[in-house]
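Take a look at the structure below.
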Amino acid sequence: MRASKQLSTGHQNIHVYFEVNPAPFAAGSTSFIGEILTQLNLVNIIPESLGPFPKINPEFVVQAKPDVILLTESTIADIQKRPGWIAIPAVKRNRICSFNTDQNDVLVRPGPRMGAAALLISQCIQEKMSSSP
């Protein structure tokens, strides 16, 4: 996604974790999803060194302490059961963006809907950051 100017979520230094599927595979900073996060001025907790879509140890997410977690609706109940995840700031403050099947399809498939994907992410981040302390 190449934009002439960066999109803005209205917030700076928001650390996010984008879970592509519950294996868990994450969206790394070098993925097209990572590019969207960068354009939105969000900080992806998955470093470039792990590649575009790494399978990660769930403990990595606990230690990274993301402010917001982005995932599918079908996974949201599962994260409450993951060891240590209740201590993650995003989970404690209910800053979890869960996307339905149609929204997830827009988010995880690169193509002409990348602008729509950025809007979905931005809207959820705005909502979650403004509605909780």
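The analysis underlying the following values was restricted to heavy atoms, covering all of them including side chains, and did not include hydrogens, waters or symmetry mates.
Side-chain contact check for P58 versus P24: some heavy-atom pair is nearer than 4.5 Å. Within the 4.5 Å cutoff, side-chain heavy atoms of K128 are placed close to those of C97. Counting heavy atoms from C-beta outward, F18 and I121 have side chains that approach closer than 4.5 Å. Using a 4.5 Å heavy-atom cutoff, the side chains of Y17 and V68 are not in contact.
Residues I36 and V16 share a single hydrophobic cluster, defined by chaining ILVMFWY side chains whose heavy atoms lie under 4.5 Å apart.
For the atom pair NE2 (H15) and CD1 (I69), the distance works out to 13.5 Å, reported to the nearest 0.5 Å. For the atom pair F60 CZ and I45 CD1, the distance stands at 5.5 Å (nearest 0.5 Å). Rounding to the nearest 0.5 Å gives a distance of 11.5 Å between CG of L120 and CD1 of I125. T30 contributes atom OG1, which lies 11.0 Å from atom CD1 of I46 (distance to the nearest 0.5 angstrom). Distance check: C124 SG to F99 CZ gives 5.0 Å after rounding to the nearest 0.5 Å.
A 6.0 Å sphere centred on CZ of R109 holds no more than 12 heavy atoms belonging to other residues, nucleotides or ligands. More than 12 heavy atoms of other residues, nucleotides or ligands sit less than 6.0 Å from atom CD of E59.
A side-chain contact (heavy atoms from CB on, under 4.5 Å) with P66 is found for one member of L42, I88, V91, I14 and no other, namely I88. No option in T75, I76, L70 other than I76 meets the side-chain contact (heavy atoms from CB on, under 4.5 Å) test with I96.
No side-chain donor from either of E127 and Q123 sits under 3.5 Å from a side-chain acceptor of the other.
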Practice item. Check step by step if side-chain contact (heavy atoms from CB on, under 4.5 Å) holds for F53 and F32. Key: CA-CA 10 Å; F53 294 102; F32 65 91; 3.6 Å; yes
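The minimum heavy-atom distance linking S29 with N44 is given by the pair N-ND2, 3.4 Å. What you find for L107 and A117 is that their closest heavy atoms are CD2-O, 3.6 Å. For the pair P54 and L50, the tightest heavy-atom approach, listed with the atom from each and the gap, is CB-O, 3.3 Å. Contact between W85 and V62 at its shortest, heavy atoms only, is CD1-CG2, 3.2 Å. Contact record, A26 with V20: C-CG2, 3.8 Å, taken as the closest heavy-atom pair. A pairwise comparison of heavy atoms in S98 and Q103 identifies O-OE1, 4.3 Å as the closest pair.
Comment: K55 does not engage E19 in a salt bridge, judged by the lack of any side-chain N to carboxylate O separation of less than 4.0 angstrom.
Without hydrogens or angle criteria, T38 side chain to G34 main chain gives a donor-acceptor distance under 3.5 Å.
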